[in-house]
Amino acid sequence: MNALLVSAILGVLLMLSSVFIKNRSYIHALALAGLATLFALNLAELNGWLLFEIDVKGMLRFDRYALVMNAIMLASLFFYLLLSGNAMEKVGPHYADYLALLFFICAGLFMVTGYASLLILFLGIEVISIPLYILTGSDKRNLKSNEAALKYFLLGSFSTGLLLLGIAFFYGARGNFTATVSVDPTVVGSSLQLAGLLLLLFAMSFKVSVAPFHFWTPDVYDGAPTVFTSFMATIVKVALFAAFVRLFEDTFSLQFSIWQPWVAGFVVITLLIGNLTAVFQQSVKRMLAYSSIAQAGFMLLAVYAINGDSKEGLLLYAASYSLATIGIFAVLTYMQDYAFEGFNGLAKKQPLVAASLAIFFLSLAGIPLTGGFLAKLFMIKAALAYQLWLAIVAVIMAVISVFYYFRVIQAMYFRDNTQSISPEFPKAFSILLLITALIVVLLGILPEAILGLLYF
Amino acid sequence: MSISAILFWVLSVAALFSALMVVTSRNPIHSVIWLIVTFFAISGHYILLNAQFLAVVNIIVYAGAIMVLFLFVIMLMNLNKESEPARHRWLQLAGGVSGGALLLVLVAALKDTELKSQQSLLLEGHTGLIKTLGQELFSTYVIPFELSSILFLSAMVGAVLIGKKD
Amino acid sequence: MVVLLLLLIPLIGACFLFLYKGDHRFVAAAALRLSIVSLLVMGASLFYWNTPEMLSFTAPWLTTLGSSLSLRMDGLGTILSLLTTTAYFILFWYLKGRTIERPAAFFAWLLLAQVGMLGVFLAMDSLLFYFFWELALIPMYFLASQWGGARRIPVTFKFFIYTFLGSVFMLIGILYLQSKTADHSFAIESIRRIRLTNEQQSWLFWLFFIAFAIKLPVFPFHTWQPDTYEESPTPVTSILSAVMVKMGILGLLRWLLPLFPIASYMWGDVVMSLAVAGIVYASFLAMQQVDLKRLIAYSSIAHIGLIAAGAFALNQMAYQGLLIQLFTHGINILGMWVLADIIERKTGTRSLDSLGGIAQHSPTLTIFFVIIALANIALPLTNAFVGEFLLFNGILATPSNYYWVFAVVGGLGIIFAAVYTLRMIRAIFYGQPSATSPAPISLATHEVGALVVIVGLILFFGIYPQPLIDMTAAFSKELFDQTDITSLFRKS
Amino acid sequence: MQSSFQLAFLIPLLPLIGFLINGLGRNWLSKQWSGLIGAGTILGSFLISLFIFQAVKAGQGEVISYFDFIRMEGLRIPFAFQIDALSSLFLLIITGIGFLIHVYSISYMHEESSTSFARYFSYLNLFVFSMLLLVLGSNYVVLFIGWEGVGLCSYLLIGFWIKNQQYTKAANKAFIMNRIGDLAFLLAIFWLIIKTGSASFQEVFDFIQANQGTSKFSVTDITIVTLLLFIGATGKSAQLPLYTWLPDAMAGPTPVSALIHAATMVTAGIYMIARSNIIYSLAPLTLSIISWIGLATAFLAATIALRQYDIKKVLAYSTVSQLGFMFLALGSGAYIAAVFHVLTHAFFKALLFLGSGSVIHAMGGEQDIRKMGGLSGKLKITYATFLIGCLAIAGLPPLSGFFSKDAILLSAFLHQPLQYGIALFTAFLTAFYMFRLLFLTFHGSFRGTPEQQAHLHESPALMTIPLVILAILSVAGGWIGIPAVLLQDADWLGNFLAPVLGSTTHEVSHATEWLLMSLSVGGVLLTIGFAWFLFRHYRATESRGILRFFENKWYVDQLYDRVIVQPIFYLGRILKEWVEPRIIDALVNGVGKTVQLAGRQIRFLQSGQIGSYVLLMVMAMVVVLLVQFFIRK
Amino acid sequence: MPINYYLFLAIALFSIGVVGVLTRRNAIIIFMCIELMLNAVNLLLVAFSKMHYNQAAAAAIPIANPGIDGQLFVFFIMVVAAAEVSVGLAIIVMLYRNIHSVDINFLNRLKH
């Protein structure tokens with residue numbers, strides 16, 4: 001609640017800041033300071049301290065899980081701004097506006113992690129989506145960016161329609177929008193609620209890019225300015241997953257046996273399509289887009305297996321996946337083009353960057369001693385409580401993911417640079433990247449650092 | 001057949017027909033016009049359902065503001081002729097069939113649904129009155145109401161950001 | 001505590017070398033010293049620090065998951081740690097004067113791999129085991145891919161992905177077992193207490209077995225191995241082949257057999273058939289190879305087939321032989337790779353067709369080669385004899401109806417081993433000197449030293465193998481008690 | 001413990017020390033020193049063996065344990081020596097003849113460089129060490145260690161001239177064929193260990209005698225074990241079907257042929273079976289198989305020897321044939337006769353080989369008897385000793401061969417008259433080809449090149465003295481086992497070996513014995529006359545018919561090549577070229593390829609068209625709704 | 001009127017919107033079809049609102065303003081739709097500026 005309100009205020013502040021502050025680094029600093037404040041306020045709320053005492057009238061509910069998730073997102077966002085702030089300037093002249101939109105999105109993120117009414121969920125999703133449409137198209141001269149924006153907008157609006165139809169059915173069955181479980185027998189078995197459930201499932205699947213509702217993802221991620229792709233693919237996706245879990249854990253827990261097989265099916269299709277398609281990509285950026293679909297398949301296991309393991313796993317996933325992906329995209333913004341060949345021989349020229357990237361990719365692939373491994377471990381463990389075959393499919397797909405993640409590692413470490421140009425990275429950037437990588441490793445060694453927040 | 005039933009049928013047929021025309025019109029301008037007709041028909045339904053305020057808002061906001069915006073953009077782009085080439089035949093067919101299938105499936109699924117009240121009693125109650133709505137909006141729904149301001153802010157920033165020529 | 005020390009020494013060394021960008025001489029010397037320290041610590045743990053407190057270490061770690069940093073050195077761990085430290089010492093001594101591109105990274109990766117392998121050998125917690133399992137794999141992959149031959153990238157990638165695929169199945173098995181434990185723990189003691197039905201044992205068996213079969217490798221999961229051995233730089237190949245392969249055997253002995261004894265018996269025939277088929281198959285292929293490294297690679301598959309068959313013989317004799325063989329096979333194959341490396345470096349080729357007549361002018365090298373090659377085919381009074389003797393003896397005593405088939409078909413490997421080994425010796429050393437090796441091959445002092453250590457170990461344990469038997473007797477007894485089929489069936 | 005037994009460990013140790021000194025110091029030792037060390041250590045062993053022999057003669061044998069080779073729960077294999085009549089006799093043969101051959105070698109190998117000279121002696125010493133280990137071992141494992149050790153040394157010595165790839169090929173062949181037998185031997189040992197829990201002779205024999213026929217050790221077990229042991233013996237002792245390595249082994253230096261391939265190593269199989277006589281006596285089926293295989297080998301090798309032209313090849317086949325006789329004796333249950341023949345054969349065959357070495361030496365390396373002839377004039381000592389050897393092997397009284405062969409024939413007669421007939425015929429063949437060899441080599445006119453003729457000379461004393469000693473032994477060696485029919489209570493050997501091998505008393509009348517003896521002696525004399533008639537003057541003749549078949553060694557090598565070697569080779573080729581890359585690896589790679597291919601295809605779903613995206617989504621929705629509402633209900 | 005009728009009417013309108021999205025190429029028309037879908041939902045919500053009101057009235061459940069939630073939700077949907085339209089049209093105009101077309105078939109730089 002603290003963070004939600006303050007982030008909106010910060011958004012307004014940054015929106016206006018461009019009028020008063022001409023130096024971009026000050027704006028950047030302001031944004032970072034704002035984020036730090038948000039983070040502090042969020043932690044304060046974790047300890048029970050609220051900035052405003054507001055009667056939310058059952059619209060919002062910030063429980064511990066939501067707050068921890070927010071903390072993770074804010075921390076990721078902090079690293080994101082540190083690593084990619086520079087790249088944001090290259091997109092266009094409206095630096096402060098981009099930041100303002102980011103903070104508005106932030107408010108949306110907090111809405112979807114802490115909603116208690118489907119209305120807030122809907123509003124939150126829209127608060128996230130509408131600025132994202134704009135950020136996707138923010139590279140106005142770039143036709144790919146334009147195209148991505150329109151595709152994202154049209155498909156996103158379409159899915160909003162599905163979401164609303166689902167909510168309408170839900171309302172028809174229940175008479176309210178409260179996102180809690182209903183034990184009313186006329187509600188539990190009603191086909192209206194069932195239809196609403198399925199439509200909500202489709203709409204949420206769309207938002208978190210779960211197959212077969214993922215089609216927008218590769219095109220949009222590819223077309224959007226890299227720095228915003230990074231944001232979309234990580235923090236936003238994580239928040240929406242939190243919302244997804246919350247919706248099906250609370251509201252539809254009694255229909256568990258109905259939707260669980262469908263989610264399992266979606267997991268399989270998502271993993272298959274995401275991983276298999278990623279194998280054949282020629283551009284690292286597009287490969288990452290598909291890989292984010294594949295990772296979504298893994299995160300969907302958290303929905304599938306609503307249990308302690310899966311929720312802990314989602315937290316770890318949020319942290320490790322976000323940090324690793326943010327790091328990779330941050331490096332990508334420095335590259336000439338996004339072909340795999342661009343990474344050839346990077347290890348010899350930029351050992352720190354290469355090592356960090358290697359750790360990020362290892363984490364994404366789920367190699368032990370990285371956060372990504374433990375995250376996957378939790379997910380598989382959670383799934384194993386129900387179905388062995390699903391766990392087996394998941395790990396096989398994790399192995400397939402090695403196919404494409406390791407292409408970059410191979411390029412960096414095992415191939416020689418044949419081109420004369422090689423990307424230059426500022427020293428501070430390299431060190432920051434390494435710190436990010438070390439955090440990813442730390443997550444794999446001491447996950448208690450994050451999971452502890454849930455219980456203490 | 002009561003007057004309300006007659007009105008219902010008339011409005012329904014009008015809505016469906018005009019909606020179909022939106023989809024099938026070759027000329028974008030016609031589509032816009034038909035959509036406005038649809039909105040009017042829906043507003044009529046709102047009145048039948050005792051949602052007077054929404055009916056009015058629907059006409060002002062949708063039929064008025066939003067559709068004018070559409071019209072304006074279409075005019076701006078000089079799309080006011082039957083310029084759109086037809087889609088691939090089978091794609092159209094597949095689209096129609098899929099949409100139809102969706103309709104059929106949903107209707108079939110919900111055909112026997114247990115509704116809490118079978119009949120909609122027309123012209124009864126005061127739910128749709130502006131006063132009731134206003135009171136509720138600024139008490140229970142004050143949080144979403146305030147939060148939607150963020151939406152507008154960001155939409156505003158975004159529209160400026162995108163629309164500005166630099 | 002000493003087990004932790006064994007892991008920390010190479011770990012610290014690796015970190016230091018990763019950060020240090022120094023000249024070759026310093027790096028090689030530092031690595032050699034580290035390996036000597038490791039070896040000394042290992043020796044001390046054998047003779048002085050062999051109390052249970054010193055040989056085990058437990059610290060809380062990943063407690064929310066039910067895991068802990070639990071290390072213990074039992075008989076199996078002892079012999080494998082001894083092998084690891086010895087092999088590293090020999091290898092680093094051998095590599096002392098060698099110029100390697102980016103030496104610091106090379107040695108650092110090797111040391112990191114040592115951490116992983118020792119961890120696998122000592123871990124008493126299944127999740128920790130899995131961690132180390134992968135930790136050993138990654139450095140090997142980087143080593144092979146960065147310093148390897150022309151086809152290194154696809155070949156080592158296949159190696160990596162194949163092994164990784166196997167290990168994730170094992171991970172599922174581990175997670176399943178953990179979920180069945182009473183205290184939701186990954187510790188081996190807790191897992192042992194689970195009572196599994198035969199059906200559960202059966203599919204868990206395969207989940208684990210595939211991981212180990214690929215690592216070993218057991219026919220027909222072996223195709224990554226010859227390519228990888230060929231393309232890796234030979235020092236890396238030697239570690240892969242001498243030490244890393246033992247991870248798979250350890251997996252069989254510590255995790256597979258004691259946890260799923262009934263399934264091991266049920267599927268024993270299948271596995272042993274694969275194993276002995278692999279012996280013959282690999283021997284046939286070894287006979288056909290013209291590349292020295294590929295030949296040794298296939299011969300290694302044949303040896304591993306025997307070891308795998310021995311593991312499923314489910315009797316104490318086979319276990320005992322296998323445990324000895326762990327050490328002796330490591331030393332012998334290490335010797336083979338060192339020799340292959342010497343020959344390749346000094347003649348510039350490893351094709352049997354273009355080698356020849358080396359014995360004419362380089363008798364010392366020839367003697368080393370012949371001794372190590374003959375040890376490799378388990379001639380009596382070399383170290384491998386006792387191991388293979390007990391192994392075969394155990395295979396003939398396996399509680400299967402086809403015991404004699406396994407013994408006889410596996411025994412064909414003895415004959416074929418002689419065929420390809422002698423062919424190799426003849427092609428490389430006999431006849432007239434070839435164009436590639438007209439001049440005598442001189443060996444540096446440290447190279448001779450390393451080879452002398454190997455030959456010394458071969459002969460010492462060939463004549464007096466009892467220390468190795470004593471080291472592992474308790475473990476083989478315990479393992480047999482856990483997998484004794486007759487008593488298991490009586491119980492159930 | 002007998003005090004002299006305490007020295008027993010020195011018997012193998014001395015040659016081992018000799019091996020180490022010669023092996024490690026080969027670059028520094030002069031030829032004199034190498035030879036001295038090589039021969040000296042064997043002499044030392046011989047002297048100790050004599051002591052021990054005396055001690056054994058005086059009393060019982062003993063088992064001396066040194067350390068535990070393998071000690072684990074349920075199995076203990078000590079490194080222990082068994083000293084009894086059998087082993088002490090073999091000790092004498094090995095060290096005695098070994099010493100003579102060492103001495104001979106000093107001269108024979110003098111043309112080698114000092115390094116390879118030392119290498120030669122180190123191999124010889126290692127061989128003697130292994131052979132001693134073989135006969136001293138008190139259990140099958142130590143026996144096996146020596147068994148493999150002699151195989152290894154045989155390999156090293158056959159391929160001694162490493163430049164010649166033909167020779168090294170022969171060495172490989174010898175080693176591999178031996179390994180085939182070794183596998184069977186090993187399996188037998190395993191079987192014994194599994195069934196009896198021990199590998200020590202005494203314990204195994206006690207166990208089997210106590211439990212034979214029961215479920216602990218059934219008749220099948222006995223048959224299997226004895227058969228496997230016998231297969232092991234066929235490898236080492238060059239019996240059918242594993243004999244073909246021995247003629248090829250003639251690639252090694254001639255003294256090596258004398259020592260290894262005539263006097264000692266090849267008799268290891270006989271020793272082993274004699275040692276295990278307690279088990280064999282319980283296995284009549286195996287015994288009969290052994291006798292038939294021995295007989296067949298004897299006959300086959302004799303026929304081949306008829307048409308060979310290489311002096312060493314003839315001797316090699318004769319060795320195979322004589323070994324066949326020994327197995328015939330074993331199979332007939334006449335273990336003492338077999339050991340007796342081992343002893344006498346060691347004398348005269350070593351003599352013959354060394355003699356042939358002397359001839360080859362004189363001929364400058366020529367081994368083809370068609371290019372010799374008339375050497376008796378120049379090589380008088382060699383001729384005389386060679387003649388004695390031929391007479392001995394032909395079995396003419398009172399030379400040693402007569403007594404041992406007679407014992408074998410007698411046992412065969414008692415066992416199975418048909419076998420006796422064939423064995424007798426084979427004995428005639430032996431006389432025939434040996435005298436063919438003698439006549440072609442030493443009689444007639446010289447057929448070599450003039451240079452060779454000029455070069456002809458008698459060998460130096462270091463070579464001829466061993467010849468003479470061996471000739472004396474060949475004459476007198478048989479007198480330790482004179483059958484009762486000729487001289488009462490003169491069968492000293494039988495009495496000596498009886499504690500180990502059991503006494504053999506024949507239930508046969510003296511008249512029959514006389515008949516048999518005269519039959520064989522008369523036949524041999526006739527055969528020698530026939531040979532004299534045929535080969536006094538050599539004429540080059542084209543072999544025809546059956547003789548051509550014999551000359552080509554019954555085409556056995558070709559048969560093995562076609563049936564075993566080539567199929568293995570082609571199978572290997574198929575596996576390498578086809579199965580490995582196209583099936584197994586292709587399956588593995590196929591998975592990867594499938595992934596890639598699937599990726600390539602699936603990505604076309606991503607058409608870039610909003611319409612198709614929405615279409616797919618709607619279709620998915622319709623399917624899910626349809627299934628949920630109308631099928632899963 | 002039976003609420004079912006409203007339900008079917010809304011679904012029909014919604015499906016027509018979907019068909020429009022599927023069959024048209026003009027981005028603006030597609031967007032309009034999406035608006036049609038939203039309106040179908042609005043209609044449905046209002047109908048359900050009425051239904052809940054009736055039910056509460058019939059059962060005399062003491063809730064203040066039964067069924068008002070649905071109508072308020074419609075209000076928010078309109079708010080959102082307005083914001084969406086402003087952004088959406090801005091994007092379409094931007095695209096038109098660059099490629100002088102609003103035909104979505106020309107949007108295929110990003111694929112596979």
request  = Check the pair A/V12, B/L153 against side chain to side chain contact (heavy atoms under 4.5 Å, CB included), reporting the backbone distance first and the verdict last.
outcome  = CA-CA 8 Å; A/V12 177; B/L153 269 175; 3.6 Å; yes
ask   = Under the side chain to side chain contact (heavy atoms under 4.5 Å, CB included) criterion, do B/Y141 and A/M59 qualify, and how do the steps go?
value = CA-CA 8 Å; B/Y141 283 80; A/M59 290 290 166; 3.7 Å; yes
task = Under the side chain to side chain contact (heavy atoms under 4.5 Å, CB included) rule, what do A/Y98 and B/L161 come out as? Steps first, then yes or no, please.
result = CA-CA 9 Å; A/Y98 301 145; B/L161 209 154; 3.8 Å; yes
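Only the side chain of A/F177 comes within less than 4.5 Å of a heavy atom of chain B; its backbone N, CA, C and O stay farther away. For A/I105, no part lies near chain B; criterion is any non-hydrogen pair under 4.5 Å. Using a 4.5 Å cut-off between heavy atoms, A/L60 contacts chain B through its side chain alone, with no backbone atom that close. Residue A/I9: no heavy atom, backbone or side chain, is found under 4.5 Å from chain B. Contacts of A/I128 with chain B are absent, with no heavy-atom separation under 4.5 Å from either backbone or side chain. Only the side chain of A/L119 comes within contact range of chain B, judged by heavy atoms closer than 4.5 Å. Of the atoms belonging to A/A107, it is side-chain heavy atoms, and not backbone ones, that fall under 4.5 Å from chain B.
Options A/L135, A/L5, A/V56 differ in how many heavy-atom pairs under 4.5 Å they form with chain B, and the most are formed by A/V56.
Between A/I120 and B/L147 the shortest heavy-atom distance is CD1-CD1, 4.0 Å. The two residues B/A109 and A/S191 come nearest to each other via the heavy atoms O-OG, 3.9 Å. The two atoms that bring A/L101 and B/S154 nearest to each other are CD2-O, 3.8 Å, heavy atoms only. Nearest approach of A/A8 to B/I150, heavy atoms of both residues: CB-CD1, 3.7 Å. Nearest heavy atom pair, residue B/A159 against residue A/I134, reads N-CD1, 4.2 Å.
Taking the side chain as every heavy atom from C-beta outward, B/L106 and A/F169 approach each other to under 4.5 Å. Looking at A/I54 and B/I143, their side chains come closer than 4.5 Å, going by heavy atoms from C-beta outward. Looking at heavy atoms from C-beta onward, B/L151 lies out of side-chain contact with A/F104 at the 4.5 angstrom threshold.
Residue-environment remark: CD1 (B/I130) stays at or below the threshold of 12 foreign heavy atoms within 6.0 Å. Sparse packing is recorded around NZ of B/K164, with 12 or fewer heavy atoms of other residues, nucleotides or ligands lying under 6.0 Å away.
Panel note: side chain A/K140, backbone B/G163; no donor-acceptor pair is recorded below 3.5 Å.
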